[in-house]
There are 2 protein chains.
Amino acid sequence: MSYEKEKGLAEARALVMKALAHPTRIFMVDLLTKNCLSVSELTEAVGADVSTVSKHLSILKQAGILVDRKEGNRVLYTLKCPCIMEFVHCIDDVIYQDAEQGISCVLPGARISVKKG
Amino acid sequence: MSYEKEKGLAEARALVMKALAHPTRIFMVDLLTKNCLSVSELTEAVGADVSTVSKHLSILKQAGILVDRKEGNRVLYTLKCPCIMEFVHCIDDVIYQDAEQGISCVLPGARISVKKG
DNA sequence: TGGCAATTTGGCAAAAATGCCAAATAGAGT
DNA sequence: ACTCTATTTGGCATTTTTGCCAAATTGCCA
């Protein structure tokens with residue numbers, strides 16, 4: 001399997017990863033798992049400039065992670081694929097396995113399993 | 001839930017995401033799902049400078065995604081948590097849902113399910 | 001010890017990401 | 001039309017990332 005052949009897929013994956021590879025953006029995605037929020041609500045939660053938050057949201061939207069809809073004056077953002085946080089939790093495994101060795105792919109709240117076929 | 005309080009977790013998550021947020025690094029992680037490979041084998045597969053590949057590997061190792069062991073002259077890299085690719089496949093959902101609407105969290109080869117408790 | 005292959009590290013220039021301010025745009029209500 | 005609020009966009013300085021070369025390191029084997 002050559003990199004040339006798989007480069008397109010790798011780049012597409014990296015685009016989504018990059019979108020999540022920022023503390024503020026991860027945090028916002030986490031918030032949006034529970035609620036549908038407007039730009040100003042997210043801005044207040046994050047504590048950065050509105051324009052900064054808006055640009056973060058635009059990155060997440062372009063990566064296909066979020067969708068937005070207008071509601072009067074405001075723009076509400078939602079997760080496009082709610083499963084995104086389950087996959088963030090899989091990242092948590094990587095974090096926790098450093099703290100406690102021997103544990104892999106298991107979290108207190110949720111157990112991830114994969115069925116083939 | 002304030003950002004101040006959750007910032008640490010968000011940063012830890014972003015660190016792991018960042019490590020995966022590069023086409024070459026994602027590709028190498030993918031390769032390492034199937035085989036345990038040395039730096040030169042990975043270098044040949046990727047087609048970049050050895051020093052570049054070595055630095056990529058070091059980033060993945062520091063993020064807790066890979067582990068390395070010496071075997072004679074060479075250094076072999078392995079996935080620390082094999083489940084990492086399942087999580088990459090969840091990323092694929094985000095990619096594919098753009099192409100074909102309505103499909104979420106399901107891939108041809110593997111279905112991700114989450115059990116609470 | 002010397003030579004050779006594999007890997008890592010230092011350094012640096014080019015490219016990309018970040019975050020603020022200021023300005024532009026969009027919508028609701030007067 | 002005017003104002004006010006919400007959001008996005010342009011611009012720009014600062015920081016981070018990237019990837020190559022050259023040099024240092026490590027381990028094998030003669």
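Note on naming: letters A, B, ... go to the chains in the order of the sequence lines (proteins, then strands), and numbering restarts at 1 for each one.
- Of the candidate nucleotides C:dG19, D:dT7, D:dG19, D:dG19 has the atom nearest to the side chain of B:H22.
- Taking the nucleotide of DNA chain C with the nearest heavy atom to each of B:K18 and B:Y77, the more 5' of the two is matched to B:Y77.
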* Asked: Is there a side chain to side chain contact (heavy atoms under 4.5 Å, CB included) between B:V88 and A:M17 once you walk through the steps?
  -> CA-CA 9 Å; B:V88 172; A:M17 295 287 190; 3.9 Å; yes
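- When the P atom of D:dC20 is taken as reference, atom CG of B:D49 falls 6 Å away, rounded to whole Å.
- A:R25 places a side-chain N or O within 3.5 Å of a backbone atom of A:K18 that can act as its donor or acceptor partner.
- The side chain of A:S54 approaches D:dT7 more closely than any other nucleotide in the set C:dT18, D:dT7, D:dG27.
- If you check every strand for non-hydrogen atoms under 4.0 Å, A:K55 touches a base.
- We find that CG of B:D68 is positioned 13 Å from P of D:dG27, with the value rounded to whole Å.
- Within 6.0 Å of CD on B:E44 lie no more than 12 heavy atoms contributed by other residues, nucleotides or ligands.
- As a whole-Å value, the separation of B:M28 CE from D:dT18 P is 11 Å.
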* Asked: For A:L9 and A:K5, what are the C-alpha separation, side-chain angles and deciding distance, and is it a side chain to side chain contact (heavy atoms under 4.5 Å, CB included)?
  -> CA-CA 9 Å; A:L9 176 59; A:K5 198 178 171 188; over 6 Å; no
* Between B:L57 and B:V39, is a side chain to side chain contact (heavy atoms under 4.5 Å, CB included) present by the stated rule, with each step listed? -> CA-CA 8 Å; B:L57 290 168; B:V39 178; 3.9 Å; yes
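- Closest to the side chain of B:V50, from the set C:dT8, D:dG11, C:dA26, is C:dT8.
- Counting non-hydrogen atoms under 4.0 angstrom, B:S40 reaches the backbone sugars and phosphates but no base.
- For A:K70, counting side-chain heavy atoms from C-beta on, the closest listed nucleotide (C:dA26, D:dT18, D:dC20) is C:dA26.
- Across the protein-nucleic acid pair, B:R69 atom CZ and D:dT26 atom C1' stand 18 Å apart, rounded to whole Å.
- Between B:T52 and A:T52, the residue whose closest nucleotide on DNA chain C is further toward the 5' end is B:T52.
- Atom P of nucleotide D:dT7 and atom NE2 of A:H56 are separated by 16 Å, given to the nearest angstrom.
- Per the geometry, NZ belonging to A:K61 stands 8 Å off P belonging to D:dT9, to the nearest Å.
- Straight-line distance from the CG atom of B:L76 to the C1' atom of C:dA6: 11 Å, rounded to whole Å.
- You'll find that the side chain of B:S51 is closest to D:dC20, out of D:dC20, C:dG27, C:dT7.
- Both A:R74 and B:G72 sit near DNA chain D, but only A:R74 has its closest nucleotide nearer the 5' end.
- Distance, B:Q62 CD to D:dT17 P: 11 Å, rounded to whole Å.
- Among the nucleotides D:dT7, C:dA26, C:dG19, the one closest to any side-chain atom of A:N73 is C:dA26.
- Contact annotation for A:S38: backbone-only contact, meaning every heavy-atom pair under 4.0 Å involves sugar-phosphate atoms and none involves a base.
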